[in-house]
Asker: 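One structure, pasted below without further comment.
Within every chain, numbering begins at 1; the chains are lettered A, B, ... in the order of the sequence lines, protein sequences first and strands thereafter. Everything numeric in this text was worked out from a predicted model, so none of it was measured.
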Amino acid sequence: MADEEKNLVEILEANNLIDMAKYITYVSAPQAGAIATFAGTTRDTFEGKTVVELRYEAYVPMAIRCIKSICSSARSAWNLHSIAVVHRLGTVPVGETSVFIAVSAVHRADALDACKFLIDELKASVPIWKKEVYSNGEVWKENSEFKERRLELGKKDGVCSRGEVLVKTHDRKTCCGTKVKVDDEEIADISAGK
Amino acid sequence: MDATERETKSWNSDCISIENNISSVQIKVLFFARAQDLTGLSDLPLEASYGSTTEDCLNKLVAKFPSLEEIHGCMVLALNEEYANYSIIVKDKDELAIIPPISGG
């Protein structure tokens with residue numbers, strides 16, 4: 001029996017703070033030796049302009065679908081235990097977290113690589129928008145990741161991310177080479193890298 | 001097919017459309033972010049002729065809201081919550097979303 005896939009995807013309505021501990025707890029598991037996280041926070045300047053706040057909106061049902069699709073893609077590329085992705089809507093003041101991702105895996109390489117993939121893909125394909133508010137104006141931001149991805153969206157049937165196409169060839173080494181103690185107390189070092 | 005067959009109820013909407021001579025579909029259009037600013041709307045019902053593509057619908061919208069030209073070149077479309085290319089034929093009750101450049105995260 002395959003392990004139940006634990007993916008938690010949440011889009012929080014305005015004025016809800018992200019409780020990072022909740023999502024870290026969600027992905028924690030005795031089998032998972034690694035938890036990788038990413039928190040995106042509102043920073044105070046952009047190109048020399050002082051940012052007052054960011055305001056987020058989303059096409060919520062499609063955003064949830066897209067994030068779930070990205071989670072599936074991540075699972076096909078890395079050996080993962082649990083995934084949690086949460087994004088706030090509404091106003092997110094400077095210093096606060098707008099997006100949080102937590103990934104657990106047996107080994108850290110999978111967790112770290114998948115975590116990077118999840119945020120990169122979110123920024124390329126999930127229908128969420130932010131408006132940057134300055135003291136003297138506001139502007140809808142555009143992710144460069146989306147600009148690069150735009151022409152490919154809609155080419156694959158119903159997939160928000162590049163799915164299997166993106167699976168990179170990467171070494172699936174275990175982080176700790178297995179050392180086997182044999183009966184006569186020699187220690188044989190077996191590297192499990194492929 | 002003769003005229004009397006038009007009154008026969010059929011099994012699926014395609015048959016009904018042909019036999020009852022329905023010539024249009026009704027879809028719902030959603031506008032987000034900059035598109036919402038430009039049109040002043042978050043959503044709009046749109047009637048399109050049977051067999052229209054997503055691109056046909058978009059052209060109708062741009063004709064109705066010329067200000068959408070601002071994002072015409074950098075937006076994408078979604079149909080029923082999935083990204084869609086311009087040649088997909090829309091069906092009755094479809095939901096078409098105008099997706100300006102995204103900026104999540």
Asker: Decide yes or no for Lys130(A) and Ser103(B): does some side-chain heavy atom of the first lie under 4.5 Å from some side-chain heavy atom of the second?
Answerer: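 Of all side-chain heavy-atom pairs linking Ser103(B) with Lys130(A), at least one is under 4.5 Å.
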Asker: With a sphere of 6.0 Å drawn around CG of Asn136(A), does it hold more than 12 non-hydrogen atoms of other residues, nucleotides or ligands?
Answerer: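 Atom CG in Asn136(A) is crowded, with more than 12 foreign heavy atoms closer than 6.0 Å.
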Asker: Does one hydrophobic cluster hold both Phe100(A) and Phe117(A), with members joined at side-chain heavy-atom distances below 4.5 Å?
Answerer: no
Asker: Should Ile70(A) and Tyr26(A) be regarded as members of a common hydrophobic cluster, given that ILVMFWY residues are connected when their side-chain heavy atoms come within less than 4.5 Å of each other, either directly or indirectly?
Answerer: no
Asker: Heavy-atom distance under 4.5 Å to chain B: side chain of Tyr56(A), backbone, both or neither?
Answerer: side chain
Asker: Please tell me whether Ile64(A) and Ile18(A) are part of a single hydrophobic cluster in this structure, the criterion being side-chain heavy atoms less than 4.5 Å apart.
Answerer: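 Each belongs to a different hydrophobic cluster.
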Asker: Mind running side chain to side chain contact (heavy atoms under 4.5 Å, CB included) on Arg65(A) and Glu82(B) for me, showing each step along the way?
Answerer: CA-CA 8 Å; Arg65(A) 272 200 201 219; Glu82(B) 295 179 347; 3.3 Å; yes
Asker: Go through the atoms of Lys131(A) and report whether side chain, backbone, both or neither lie under 4.5 Å from a heavy atom of chain B.
Answerer: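 For Lys131(A), the contact with chain B is made by the side chain alone.
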Asker: Does any heavy atom of chain A fall under 4.5 Å from the side chain of Ile88(B), the backbone, both, or neither of them?
Answerer: neither
Asker: Answer with side chain, backbone, both or neither: which region of Asn80(B) has an atom nearer than 4.5 Å to a non-hydrogen atom of chain A?
Answerer: backbone
Asker: Can you say whether Ala63(A) sits under 4.5 Å from chain B via the side chain, the backbone, both, or neither, judging by heavy atoms?
Answerer: neither
Asker: Starting from the C-alpha separation in whole Å, work towards a yes-or-no answer on side chain to side chain contact (heavy atoms under 4.5 Å, CB included) for Glu152(A) and Tyr83(B).
Answerer: CA-CA 10 Å; Glu152(A) 295 175 42; Tyr83(B) 286 112; over 6 Å; no
Asker: Would you compute the distance between atom CD1 of Ile102(B) and atom CG of Leu153(A) and round it to the nearest 0.5 angstrom?
Answerer: 7.5 Å
Asker: Using non-hydrogen atoms only, which part of Ala33(B) is less than 4.5 Å away from chain A: side chain, backbone, both, or neither?
Answerer: both
Asker: From Ile99(B) CD1 over to Tyr59(A) OH, what is the distance, rounded to the nearest 0.5 angstrom?
Answerer: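 With rounding to 0.5 Å, CD1 (Ile99(B)) is 6.5 Å from OH (Tyr59(A)).
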Asker: If you look at every heavy atom in Phe146(A) and Cys74(B), which pair is closest and at what distance?
Answerer: CE2-O, 3.6 Å
Asker: Does Met20(A) share a hydrophobic cluster with Ile67(A), counting links as ILVMFWY side-chain heavy atoms below 4.5 Å and allowing steps through other members?
Answerer: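 As far as the 4.5 Å side-chain criterion goes, Ile67(A) and Met20(A) are not connected within one cluster.
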Asker: Tell me whether the count of non-hydrogen atoms from other residues, nucleotides or ligands lying under 6.0 Å of NZ in Lys64(B) goes above 12.
Answerer: no
Asker: For Trp129(A), is it the side chain, the backbone, both or neither that has a heavy atom under 4.5 Å from a heavy atom of chain B?
Answerer: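 Contact with chain B is through both the backbone and side chain of Trp129(A).
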Asker: Please check if Val25(B) and Tyr86(B) belong to a single hydrophobic cluster, counting links between Ile, Leu, Val, Met, Phe, Trp and Tyr side chain heavy atoms closer than 4.5 Å.
Answerer: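 Result: yes, single cluster for both.
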Asker: Provide the closest heavy-atom pair for Arg150(A) versus Met75(B) in the form atom of the first, atom of the second, distance.
Answerer: NH1-O, 3.2 Å
Asker: Check whether His87(A) reaches the backbone of Gly105(B) with its side chain - one donor and one acceptor, N or O, closer than 3.5 Å.
Answerer: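 Yes, because the side chain of His87(A) sits within donor-acceptor range (under 3.5 Å) of the backbone of Gly105(B).
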Asker: Short question: side chain of Asn143(A), backbone of Pro101(B) - any donor-acceptor pair under 3.5 Å?
Answerer: no
